[in-house]
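Worksheet: the structure to be examined is printed underneath.
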Amino acid sequence: MYIEKVKGAMKLPESVRIFDTTLRDGEQTPGVALTVDEKIRIAKRLDNLGVDTMEVGFPASSEGEKKAAKEILKLDLDSQICGLARTLKNDIEAAVDCDVDYIHTFIGTSPLHREYKLKMSKEDILNLAVEAVDHIKDHGIIAEFSAEDATRTEFEFLKEIYQAVESAKVDYINVPDTVGVMIPNSMRYLISELKKHLKVPLSVHCHDDFGLAVANSLSAVEAGAEQVHATINGLGERAGNASLEEVVMALIIDYGLDMNIKTPLLVDSSELVSRITGVKMPPNKAIVGENAFAHEAGIHVHGVLEKAETYEPITPEMVGHTRKIVLGKHTGANAIRSKLDEYGIDVTDDQFNQIFSQVKKLGDKGKCVTDADLKAMAETALGRVEYEIVKLEGFSVMTGDNVMPTATVKLRIDDTVRTTAQTGVGPVDAAINAIQSSMSETADMELLEYNIEAITGGPDALAEVFVIMEDKSGNKATGRSAAEDVVLASVEAVLYAINKILLDR
Ligand code: KIV
Ligand code: ZN
């Protein structure tokens with residue numbers, strides 16, 4: 001809406017190319033090293049995704065890198081396949097050897113790089129850059145030139161070296177924000193200034209040291225940059241590079257640009273890269289994070305269920321995600337009703353109120369209620385008898401090492417309250433024995449079957465207990481309950497079954 005107010009002042013290009021560097025800069029993520037096979041699997045996915053160019057590695061750096069590039073080239077993918085090379089003949093030859101379509105050559109240009117890393121003069125650096133581009137073009141290969149640390153390089157020198165490579169017929173000029181020091185305004189300024197002196201398409205390569213890689217990439221596009229370097233999940237050296245999924249969706253949705261990326265494959269691609277690299281995404285990661293389309297708060301869930309756009313800027317399907325309604329502390333009745341409807345579970349108002357208060361209780365304890373938890377709660381509510389002849393008034397258990405587990409159960413049977421203590425092999429057994437003993441005058445009940453299941457993992461998982469009870473006359477009934485406390489779940493399940501038998505009589 002407001003973008004229309006400012007779009008007129010932008011120099012948006014007709015289209016923006018995605019230069020994916022997941023397999024090169026992304027692989028430089030500390031702790032990540034990919035095998036040839038892993039690179040191939042990711043390359044195939046990037047190709048399906050529709051990246052215009054993929055940088056598959058730095059062939060001169062190792063035999064493995066060379067092999068990966070060669071194998072990927074054999075796949076004859078639609079994306080252009082690029083190899084990285086310093087402005088050195090050997091590096092370029094290593095990439096040429098792999099039969100790449102595209103070579104990205106770079107050399108440091110900032111005073112820090114000139115003085116401390118390269119120990120070279122501006123003139124020598126410029127000459128090496130031009131020779132490298134000449135060399136690549138002699139092979140008839142697409143050439144991209146990067147002035148490493150461009151954003152800390154004096155503008156005059158930057159302009160000079162870029163103009164020199166443009167004269168050498170470079171195809172793309174890349175502006176790396178190598179240590180992520182730009183802010184959106186300064187990036188817009190730099191690209192606009194460079195555009196005044198260059199005709200070759202401009203590209204940006206932003207690092208995320210200050211969390212601004214995506215914003216800076218978008219600013220570069222606003223100033224006319226035609227290509228963005230990005231990585232799946234924002235992987236890359238140190239804090240990473242601009243995240244491909246975020247850049248792409250912002251360019252399509254916010255700026256209204258057409259791109260070659262098949263956005264419904266974004267989540268799948270992110271998951272594949274995360275599995276292979278072992279770098280997990282935080283749940284709140286934009287676009288692809290587990291929570292990107294998850295709603296918990298009652299007001300939000302209500303809005304989303306009425307009209308998804310109220311709390312979602314794009315549909316989850318657009319990026320291959322799914323909407324998730326999470327039940328917890330902030331859940332409203334609407335969310336629970338919609339989940340129960342989804343599972344075809346029909347409950348009365350009383351049963352619903354029981355489920356609702358159980359969800360809130362768990363939420364208040366900081367627990368997230370999973371779908372399996374909800375189903376178990378619903379089963380418990382559905383299995384509960386309307387009128388209880390035997391009602392639990394309270395219970396306690398004592399257990400430990402070298403003590404006999406003992407349970408005390410306080411039951412209201414009709415109008416009489418009875419408190420009975422019993423021992424057992426464990427606290428559950430003791431509690432069930434206490435119930436049976438307390439009931440012996442009213443009805444002798446036997447436990448025929450007992451099953452317990454932890455629904456979700458963790459020590460505070462909801463336990464679901466299922467029992468079958470039988471009286472002396474052979475009347476049987478099932479009982480079921482779910483609670484965090486296994487003894488409580490067991491006691492409730494037994495009492496539900498007993499009440500069913502008594503009511504049936
Ligand atoms: O960040 C950087 O400067 C790079 C170069 C190789 C372009 O990755
Ligand atoms: Zn980089």
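In listed order, ligands and their atoms are each counted from 1.
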Have a look at H295 and tell me which of E312, R323, H330, H302 forms a side chain to side chain donor-acceptor pair (under 3.5 Å) with it.
E312
Any Lys/Arg nitrogen of D209 or R238 sitting under 4.0 Å from an Asp/Glu carboxylate oxygen of the other?
yes
Could you check T53, D171, N174 and say which one makes a side chain to side chain donor-acceptor pair (under 3.5 Å) with S203?
N174
Backbone or side-chain N or O of D149 under 3.5 Å from ligand 1 N or O:
no
Audit row: D20, T22, side-chain hydrogen bond (donor to acceptor under 3.5 Å, both in side chains) steps and yes/no
CA-CA 6 Å; D20 178 277; T22 307; 2.8 Å; yes
Using a heavy-atom cut-off of under 4.0 Å, does the side chain or the backbone of E237 touch ligand 1, or both, or neither?
neither
Between K324 and E290, does any side-chain N to carboxylate O distance fall below 4.0 Å?
yes
Close N or O approach (D25, ligand 1; < 3.5 Å)
yes
Give a yes or no on whether a salt bridge exists between K285 and E246, defined as a side-chain N under 4.0 angstrom from a carboxylate O.
yes
Take every heavy atom of H229, measure it against each atom of ligand 1, and state whether any distance is under 4.0 Å.
no
Salt-bridge criterion met for K329 and D364 (N-O under 4.0 Å):
no
Would H104 count as a contact residue for ligand 1, given that I'm defining contact as a non-hydrogen atom of the residue lying under 4.0 Å from a ligand atom?
yes
Closest protein heavy atom (residue, atom, distance) for atom 4 (C) of ligand 1
H205 NE2, 3.5 Å
Numbered atoms and elements of ligand 1 in range of S146, under 4.0 angstrom, heavy atoms
7 (C)
So, regarding T178 and ligand 1 (criterion: nitrogen or oxygen to nitrogen or oxygen, under 3.5 Å), is there a contact or not?
yes
Centroid-centroid under 6.0 Å between Y102 and F19 rings
yes
Per-pair distances, 0.1 Å, donor-acceptor, side chain in residues 210-220, under 3.5 Å, sequence neighbours excluded:
| from | atom 1 | to | atom 2 | distance (Å) |
| --- | --- | --- | --- | --- |
| N216 | ND2 | M182 | O | 2.9 |
| N216 | ND2 | L212 | O | 3.2 |
| S217 | OG | A213 | O | 2.7 |
| S219 | OG | P184 | O | 3.2 |
| S219 | OG | R188 | NH2 | 3.2 |
| S219 | OG | A215 | O | 3.4 |

Option nearest atom 6 (C) of ligand 1 (shortest heavy-atom distance, choices R24, E148, Q28):
R24
For the Zn ion (ligand 2), check which protein N, O or S atoms are under 2.8 Å away and list them.
D25 OD2, H205 NE2, H207 NE2
Which ligand 1 atoms, with their elements, are less than 4.0 angstrom from a heavy-atom of P176?
3 (O), 7 (C)
Would you call K195 and E226 a salt bridge, taking side-chain N to carboxylate O under 4.0 Å as the test?
yes
Below 3.5 Å, N or O to N or O, backbone or side chain included: is there any such pair between H207 and ligand 1?
yes
Only one of V279, T21, L244 clears side-chain contact (heavy atoms from CB on, under 4.5 Å) with L235; which?
V279
